[in-house]
Amino acid sequence: MSRTISAVCRNITPSATLRLNAIVNEKRAQGLDIIGMGAGEPDFPTPDAICAAAKQAIDAGKTKYTAASGVPELRKAVADHVNRLYGLSYQPSQVLVGTGAKQVLVEALVAILDPGDEVILPAPCWLSYPEMIRMAGGLPRVVLSTAADGFLPTAKALQDAVTPRTRAILINTPNNPTGAVWNEELLRAAGELAVQHDLYIISDEIYETLVFSGARHVPMASIGPEVFARTITISGWSKAYAMTGWRLGYALGAKDVIDAMGAYQSHATGNPNSIAQYAALEALTGDQRSVEDMRLAFERRRDLMLKLIGGIPGVSCAPPQGAFYVLMNIQNLVGKSYKGHEITNDDVFTELLLEHKLVSVVSGAPFYAPNCVRLSYAIADDKIVEAMRRIAEFVDELT
Ligand SMILES: Cc1ncc(COP(=O)(O)O)c(C=O)c1O
């Protein structure tokens, strides 16, 4: 038994969305006209000024190791940006820049969890959270909410999930996969719970710029001084600036936690990509018009999606208020068949839809949303119309 895979790695479920991307790319390579509603990334190109800043960084020779937690000017720019937007008071030393929100999320969990510690996880939630919690030695304690509750947990359900092993609550607003946006009252209730039980709050706000129809993004850290002190906010450039491939994200929090995360990062990866850091600096300090332009495009597409889903009998959804996903409920289609294949769950629905109508969506089960599928509307309007036409045709052909 000398050469075995560790328990940590044995228990990791590979990302279902990345696996789906690989299948879609394979089918595209075969020349098939697949419409991908699975990906979690804006279809827009990274704005020109940001790309230009990266080119300048290369020409200026900014291609060497940097400080492991990010160059000082970027840490300062992140603090200034967040303080200006939300009236907060972060110092640059309370900012960690890492290789994507993904990396800083893992580091936050590693920094605060000991083996067996529990993290309260409101769900449906992003499928990476439970894996990340386990990778850091913790245990997710899932608190489920439903479409009828607008996919927001009740304060009582959060309270009931607290045990002597609870160390943190991990929230995500706006939410992937539901598009739910936490209101101030619920944030306050979760914040009070954290204060009462002396818990950390990890607040993933990566979709913060993407809120619609009058909804407002309220950062958890703005709820009050005691909540500010215990909140580790996670965000980044991927969604707001269409910079998914640049792999840059940040965390904000108490200096001791940020230092601990930075120490881990300094050994695990070292600094995030130097060129991407200068691009990210331009993103935060340059013209912000493209952020609003993209938000408006997503809002228009969301409305289009809601109209088209509303026209398909047997499916339903709770209107999302943020991010760029709709969680479509297919419960009423379970038990029906497509060309002799019974739809027994969302996985089978997803496979049959991809096989027969060349539309890729993600099944809800890994997000704790069984009998649902997640549709991403980060694709062009005409593709949305065609994808929904194919889905409607598929549903119509069920027996
Ligand atoms: C909720 C949530 N957090 C974090 C991320 C990862 O962001 P990044 O590209 O900065 O690693 C994603 C990406 O899909 C996400 O949906």
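Every heavy atom of this structure was used, including side-chain atoms; hydrogens, water molecules and symmetry mates were not. Counting starts at 1 for both ligands and their atoms, following the listed order.
- Using a 4.0 Å cut-off between a side-chain N of Lys or Arg and a carboxylate O of Asp or Glu, Asp259 and Lys255 qualify as a salt bridge.
- Between the side chains of Glu205 and Thr233, no donor-acceptor pair of N or O atoms lies under 3.5 Å.
- The shortest N or O to N or O distance between Arg247 and ligand 1 is under 3.5 Å.
- In this structure, a donor-acceptor pair under 3.5 Å is absent between the side chains of Ser213 and Gln321.
- For the pair Tyr129 and ligand 1, the shortest N or O to N or O distance does not fall below 3.5 Å.
- Remark: the backbone N or O of Arg247 is not paired with any side-chain donor or acceptor of Thr99 at under 3.5 angstrom.
- Looking at Ala101 against ligand 1, both its backbone and its side chain come within 4.0 Å, counting heavy atoms.
- Residue contacts with ligand 1, taken as heavy atom pairs separated by less than 4.0 Å, do not involve Trp237 at all.
- By the 3.5 Å distance cut-off applied to N or O atoms, Asn176 is counted among the residues near ligand 1.
- Nearest to atom 16 (O) of ligand 1 by heavy atom, out of Phe324, Tyr207, Tyr250, is Tyr207.
- For Phe394 and His356, the distance between ring centers is not under 6.0 angstrom.
- Any N or O atom pair closer than 3.5 Å counts here, and Ile206 shares no such pair with ligand 1.
- Proximity of the aromatic rings of Trp237 and Tyr250 is defined here by a centroid distance below 6.0 angstrom, and this criterion is met.
- Under a 4.0 Å criterion applied to the non-hydrogen atoms of Asp204, ligand 1 contributes the atoms 1 (C), 2 (C), 3 (N), 4 (C).
- For Asn172, the closest heavy-atom approach to ligand 1 falls below 4.0 Å.
- Residue-level proximity to ligand 1 for Lys239 is carried by the side chain, the only part with a heavy atom below 4.0 angstrom.
- In this structure, the side chain of Asp117 engages the main chain of Asp114 through a donor-acceptor pair within 3.5 Å.
- Using modelled atom types, one finds a donor on one side chain and an acceptor on the other under 3.5 Å when comparing Thr146 with Asp149.
- With a 4.0 Å heavy-atom cut-off, ligand 1 is reached by no atom of Gln103.
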